[in-house]
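A quick write-up on the structure given underneath.
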There are 2 protein chains.
Amino acid sequence: MIEATPNPVTTVMRALADPTRRAVFERVFESKEISVAELTRGSGVTQGAISQHLKSLKKAGLVAERAEGRNVYYRAAPEGLEPLVTWMDHYGVFWRERFQNLRDLLKEIDP
Amino acid sequence: MIEATPNPVTTVMRALADPTRRAVFERVFESKEISVAELTRGSGVTQGAISQHLKSLKKAGLVAERAEGRNVYYRAAPEGLEPLVTWMDHYGVFWRERFQNLRDLLKEIDP
DNA sequence: CTAATGCATTAGCATCCGCTAATTGAAACG
DNA sequence: CGTTTCAATTAGCGGATGCTAATGCATTAG
């Protein structure tokens, strides 16, 4: 059975599961804005591949674009990670970390 | 360029990117322990497929097993999600939520 | 013991994925 | 104007992926 429109969690996970594409997202995130050409430079893959990855990331809501002249500048949309956060939250992942941080904090305050 | 041993983030993401396999993880998580046969019941796929998914999840560190007689009981290993948490943390997703919860906790402790 | 059950593993298949190379179109440059 | 640059899109390929069906191996039941 094929879901017509995949679950948002699935979309985001799949977008970030590929190392190359995740690296693209990371570079987009680190730069405030970055063009496709510049993104292609250190990537080790073709410009076409980069465009395809950006398309996936955009469809997942992880990046946004702004066209200016013949350039297209991409920026990260971290709010696109929300499905992941929600999913992990639902499975109680943050509690431990929260408590860990709380513990660290309390240890600092009252060692 | 192929990484011999994929990044842990990649391994976990890929393990959870597939809806069927993610559903398996979720069911394992909800049950404290669950056998493969019981896991196969509502899954819509074959027992063989379930075993394969469990193998992936195990390799990703997301589940652990306990053999007893001819049954094998699986349980979730949520600490296997840590690579995801760390990765997302590095990209600043949790800060707001974490602080919010930390604040709530501290308010409970010392109102 | 024989039969049945639980699980892992394998071969094979259809599909999906990431990539390249090439094309197209738009915009800047000489 | 022609040329160059930027970016998206497409066809096609090799390899990965998820599945089934079948097999094999333990373990339990009758």
Side-chain angles (χ1 to χ4, degrees), chain A residues 1-7 9-28 31 33-60 62-75, chain B residues 1-7 9-28 31 33-60 62-75:
Chain A
M1 187 170 54
I2 301 172
E3 352 179 24
T5 299
N7 190 297
V9 178
T10 303
T11 306
V12 175
M13 288 265 194
R14 286 171 65 93
L16 295 172
D18 179 69
T20 308
R21 189 163 46 236
R22 195 169 65 249
V24 169
F25 173 76
E26 291 172 359
R27 274 190 74 191
V28 171
S31 321
E33 268 192 346
I34 187 168
S35 68
V36 178
E38 195 174 342
L39 217 36
T40 304
R41 287 199 177 275
S43 70
V45 295
T46 315
Q47 174 265 318
I50 294 294
S51 274
Q52 291 170 22
H53 285 312
L54 287 170
K55 190 177 181 179
S56 295
L57 292 170
K58 183 181 160 192
K59 200 161 291 186
L62 291 169
V63 300
E65 51 181 346
R66 176 180 68 89
E68 180 182 307
R70 60 184 170 185
N71 296 320
V72 176
Y73 295 97
Y74 281 86
R75 63 184 179 281
Chain B
M1 185 170 54
I2 302 173
E3 351 178 25
T5 299
N7 189 298
V9 178
T10 302
T11 305
V12 175
M13 288 267 195
R14 287 170 63 98
L16 295 172
D18 179 68
T20 308
R21 189 163 46 235
R22 195 170 64 250
V24 169
F25 172 76
E26 292 171 358
R27 277 191 73 190
V28 171
S31 322
E33 268 192 346
I34 188 170
S35 68
V36 178
E38 197 174 341
L39 217 35
T40 303
R41 286 198 177 276
S43 70
V45 296
T46 316
Q47 174 265 317
I50 294 294
S51 274
Q52 291 170 22
H53 285 311
L54 287 170
K55 189 176 181 179
S56 295
L57 291 171
K58 183 181 161 191
K59 200 162 290 184
L62 291 169
V63 300
E65 53 180 346
R66 178 180 66 89
E68 179 182 305
R70 60 184 169 185
N71 297 319
V72 177
Y73 295 98
Y74 283 85
R75 62 185 179 280

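Order of the sequence lines fixes the chain letters, A, B, ..., with proteins taken first and strands second; residue numbering starts at 1 for each chain.
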Return whichever of A:G44 or B:R41 has its heavy-atom-nearest nucleotide of DNA chain C closer to the 5' end.
B:R41
Can you name the closest pair of heavy atoms from A:V63 and A:Y74 and give their distance?
CG2-CD2, 4.0 Å
Is the backbone N or O of B:A49 less than 3.5 Å from a side-chain atom of B:T46, with the two atoms forming a donor-acceptor pair by type?
no
For A:N71, enumerate each residue passing the side chain to side chain donor-acceptor pair (under 3.5 Å) test, keeping only those at least two apart in sequence or located in another chain.
A:Y73
With a 4.0 Å heavy-atom cut-off, tell me which residues in residues 45-58 of chain A come close to DNA chain C, sorted by residue number.
A:V45, A:T46, A:A49, A:Q52, A:H53
Contact class for A:Y73 (heavy atom, under 4.0 Å): base, sugar-phosphate, or nothing?
nothing
Between D:dT5 atom C1' and A:N71 atom CG, what is the distance in whole Å?
9 Å
In whole angstroms, the gap separating P of D:dA8 from CG of A:L39 amounts to 10 Å
State whether a side-chain donor-acceptor pair under 3.5 Å links B:S51 with B:Q47.
yes
Send over the distance from A:M13 CE to D:dG18 P, rounded to a whole Å.
14 Å
Tell me if a side-chain donor or acceptor on A:R22 pairs with a main-chain N or O of A:L16 at a distance below 3.5 Å.
yes
Could you report the tightest heavy-atom contact between B:A15 and B:R21, atom names first, then the distance?
O-NE, 2.7 Å
Between B:R21 (CZ) and D:dA16 (C1'), how many Å, whole number?
12 Å
Whole Å only: how far is the CD atom of B:E65 from the P atom of C:dG6?
18 Å
Distance-only, no hydrogens or angles: does the A:S43 side chain make a donor-acceptor pair with backbone N or O of A:V45 under 3.5 Å?
yes
Could you go over nucleotides 25-30 of chain D and give all protein N or O partners under 3.5 Å, atom names and distances?
none

Ignoring hydrogens and geometry, is there a side-chain-to-backbone donor-acceptor pair from A:R27 to A:L39 under 3.5 Å?
yes
Where do B:H53 and B:D18 come nearest, in terms of heavy atoms and distance?
CE1-OD2, 3.5 Å
Side-chain N or O of B:T20 closer than 4.0 Å to phosphate OP1/OP2 of D:dC19:
yes
Rounded to whole Å, CZ of A:R66 lies from P of D:dA8 at a distance of 14 Å
To the nearest angstrom, the OH-P distance between B:Y74 and C:dG6 comes to 15 Å
